[in-house]
There are 2 protein chains.
Amino acid sequence: MLSTPDELTGLLRSHGILPTQQRLLIARALFENPRHVSAEQIMGQVNEGQAHVSKATVYNTLGLFARNGLVNEVIVDPSRVFYDPNTTHHHHFYNIDTGELTDIEADQLMLSEPPTLPEGTTIAGVDVIVRVRNKTAAS
Amino acid sequence: MLSTPDELTGLLRSHGILPTQQRLLIARALFENPRHVSAEQIMGQVNEGQAHVSKATVYNTLGLFARNGLVNEVIVDPSRVFYDPNTTHHHHFYNIDTGELTDIEADQLMLSEPPTLPEGTTIAGVDVIVRVRNKTAAS
DNA sequence: GTCAGTGCAAACCCTTTGCAGAAAG
DNA sequence: CTTTCTGCAAAGGGTTTGCACTGAC
């Protein structure tokens, strides 16, 4: 989708992120073929070629991207965080057998206004996770 | 709520769980005052008195309870799993500043039928997490 | 008596951190 | 030149595991 160096540089700058070589590599891995990825998968993808980005930098960069709204963290599995380059309003299927995450477009799943928020709080986001299981899986 | 030894014993048996002393202590901690707790909190509560249950047993037991439908795991924070003794259909507020989890009754938040499930899967559950933030929190 | 459960400590794994060297502006 | 970023390795922290002992039936 987005994958030219210039586009990526602009994307980072527009989110207040200084574009460095490593950040561009990580951004390219996320946006040239957008899907849900773990930090480990990004590490693998970035380091496939001759480039090398350290584990610490991958984690720090993904955290930075998430704080600056470039990607969303998806919390569905206590053992790892997924990063989602799609920051439009949408929800997720999570296959508990395979660990696979897929999108549910916002218009496919409507939900009513949430009830009154707890005292002194503002809304930060609404996540809907539809957990599914393989029909054939031994339960 | 439920807290007599007999009630708890019956509850465990009805979920196919052999009632042992440690499991009864953990079940009592969960059900005598139902709320959202982490494994660590259960450890603390169970071991307040003269009883002692090891960390491994607490984790193993909570996992067993969750697999057998006695409690639900609530995945909202990558750093820890919460256990919810309320297994009726409901949703959650999660305060990202304080880590506090509170219930949203099912009738307070309606959602439409989920779209077609991914090929070959059945639904395992739907989680709705409304993330909130303290108004006064330094962002 | 047999099988399942428990306790302890060590292992695990993802993630974060400290600090010296490198790169960006 | 100054400030921020990166890499490495080590620390961190919740959770799981291996194995001998204990308890349930």
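To find a chain, count down the sequence lines: A is the first, B the second, and so on, and within it residues start at 1.
Distance CG (A:Leu12) to P (D:dC5): 12 Å, rounded to an integer number of Å. Summarising the geometry, the separation between CG on A:Leu25 and C1' on D:dC5 is reported as 14 Å, rounded to the nearest angstrom.
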Quiz item: Between A:Ile75 and B:Arg131, does a side chain to side chain contact (heavy atoms under 4.5 Å, CB included) hold up when you go through it step by step?
Solution: CA-CA 12 Å; A:Ile75 314 295; B:Arg131 287 172 203 278; 4.0 Å; yes
Self-check item: Full working for side chain to side chain contact (heavy atoms under 4.5 Å, CB included) between B:Ile104 and B:Val128
Solution: CA-CA 9 Å; B:Ile104 302 174; B:Val128 180; 5.9 Å; no
Quiz item: After noting the C-alpha distance and the side-chain angles of A:Ile26 and A:Arg23, does the key distance pass the side chain to side chain contact (heavy atoms under 4.5 Å, CB included) rule?
Solution: CA-CA 5 Å; A:Ile26 293 168; A:Arg23 287 172 182 177; 5.8 Å; no
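Checked options B:Thr61, B:Leu64, B:Thr9; the residue passing with B:Ile17 is B:Leu64 (criterion: side chain to side chain contact (heavy atoms under 4.5 Å, CB included)).
At a non-hydrogen distance threshold of 4.0 Å, A:Ser54, A:Ala56, A:Thr57 from residues 54-82 of chain A come into contact with DNA chain D. Within residues 37-50 of chain B, no residue is approached by DNA chain C to less than 4.0 Å at the level of any non-hydrogen atom.
Cluster partners of A:Val74, using a side-chain heavy-atom cutoff of under 4.5 Å among ILVMFWY residues and allowing indirect links, are A:Val76, A:Phe82, A:Tyr94, A:Ile96, A:Leu101, A:Ile129. Through direct or indirect side-chain contacts shorter than 4.5 Å among Ile, Leu, Val, Met, Phe, Trp and Tyr, A:Met110 is connected to no other residue.
With 3.5 Å as the limit, one finds no donor-acceptor pair spanning the side chains of B:Asp127 and B:His92. For the residue pair A:Asn68/A:His15, the side-chain donor-acceptor check at 3.5 Å is not satisfied.
For the OP1/OP2 pair of C:dT6 and a distance below 4.0 Å, the side-chain nitrogens and oxygens of B:Arg23 include at least one atom meeting the criterion.
When the side chain to side chain donor-acceptor pair (under 3.5 Å) test is applied to A:Gln108, no partner is found at least two apart in sequence or on another chain.
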Could you list all N or O pairs between the protein and nucleotides 21-25 of chain D that sit under 3.5 Å apart?
none

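B:Asn47 places a side-chain N or O within 3.5 Å of a backbone atom of B:Val53 that can act as its donor or acceptor partner.
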